[in-house]
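Right, one structure below, let's go through it.
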Amino acid sequence: MAYIMRPPISADYTIDQRWQDYSVSEHATWRMLADTQSRVLPGRACEEYMRGLNRLPILGKGIPDFRALNEVLHGMTGWRVVAVPGLVPDGVFFDYLSRRIFPARRFIRDLKQLEYLEEPDIFHDVFGHVPLLSNKWIADYMEAYGRGGLKVLHQPNRLKQLARLYWYTIEFGLQMTLDGLRIYGAGILSSSGESIFSLESRAPYRVAFELERVMRTKYQISSFQDVYFVISSLQDLMDMTLQDFAPIYDSLVAKQDIDIGLVYPDEIDIPRNEKRIIK
Ligand SMILES: [Fe+2]
């Protein structure tokens with residue numbers, strides 16, 4: 001009988017990254033993905049992301065070693081990355097974020113799944129998310145998000161609304177800058193197809209971020225987004241979380257969810273090259 005050796009999972013769901021155990025082909029997959037995004041992202045990703053990407057040891061010869069990554073990241077914003085085997089329960093995830101710990105999956109995708117993933121992998125988690133954890137505003141926002149999640153952990157409706165906020169900001173957010181629209185969402189930044197689609201395709205709507213609107217909007221996980229919400233700055237995103245969410249949840253009780261792809265007539269689609277600050 002053959003036994004499959006699985007890495008031990010501790011009570012907090014972390015595993016040892018075992019960086020030395022990554023194969024040559026796993027490192028090569030990382031390099032292929034990272035090389036592609038290094039060509040696609042300049043001029044598309046926000047400058048805060050590009051700064052983090054260049055300052056952290058992420059663009060090396062392969063999959064980053066979390067020990068080296070954490071040495072730099074922790075010194076910048078107090079965040080660190082731990083390895084987990086897969087999705088962790090909501091309560092564990094929120095608790096980690098509230099303590100400035102980002103759980104990243106250890107595994108990397110198969111070469112046959114270069115664009116579409118059933119479950120995000122280390123490339124999504126580290127290449128997509130970690131550079132902006134070096135930015136003060138996103139570092140603070142993610143911690144605040146974790147604390148907010150812990151407050152509504154046992155309230156399914158509020159939890160669903162809060163998940164939409166994460167989805168349309170941290171995963172699929174766009175930012176208006178003086179140079180035009182830029183990407184800050186990790187789900188986009190880790191996908192070459194969606195990096196181009198989100199900014200250049202005529203198919204999706206790009207509308208100004210409004211907190212209640214976002215928390216009412218359903219989302220889809222199996223294809224590119226139909227709508228992207230545009231913030232004016234990462235600091236504005238953080239400042240928005242400083243308010244008490246309780247009245248917002250209360251006001252949402254009387255309002256219906258908004259279906260995927262539905263955009264209101266008074267919501268203006270923002271062209272990619274528009275150069276203005278949204279207020
Ligand atoms: Fe993600």
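When a ligand or atom number is given, it counts from 1 through the structure's own listing order. Side chains included, hydrogens not; waters and symmetry mates left out as well; all remaining heavy atoms used. Given the structure is predicted, the values throughout are model-derived calculations rather than measurements. Residues take their numbers from the sequence shown, with the count starting at 1.
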Starting from the Fe ion (ligand 1), look over the N/O/S atoms of His124 and name the nearest one.
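When I compare the N, O and S atoms of His124, NE2 is nearest to the Fe ion (ligand 1).
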Which atom, among the N/O/S set of His129, is closest to the Fe ion (ligand 1)?
NE2
Can a side-chain donor-acceptor contact be found between Gln175 and Tyr49 if the only test is distance below 3.5 angstrom?
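Gln175 and Tyr49 do not have a side-chain donor-acceptor pair below 3.5 Å.
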Looking only at the side chains, is there a donor atom on one of Glu212 and Ser251 sitting less than 3.5 Å from an acceptor on the other?
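Present: a donor and an acceptor within the cut-off.
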Return yes when at least one N/O/S atom of Glu171 is nearer than 2.8 Å to the Fe ion (ligand 1), and no when none is.
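So Glu171 counts as coordinating the Fe ion (ligand 1), yes.
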What distance do Gln225 atom CD and Glu171 atom CD have between them, rounded to the nearest 0.5 Å?
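Reported value, rounded in 0.5 Å steps: 9.5 Å.
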Arg106 NZ/CZ over Tyr22 ring centroid, <6.0 Å and within 45° of normal
yes
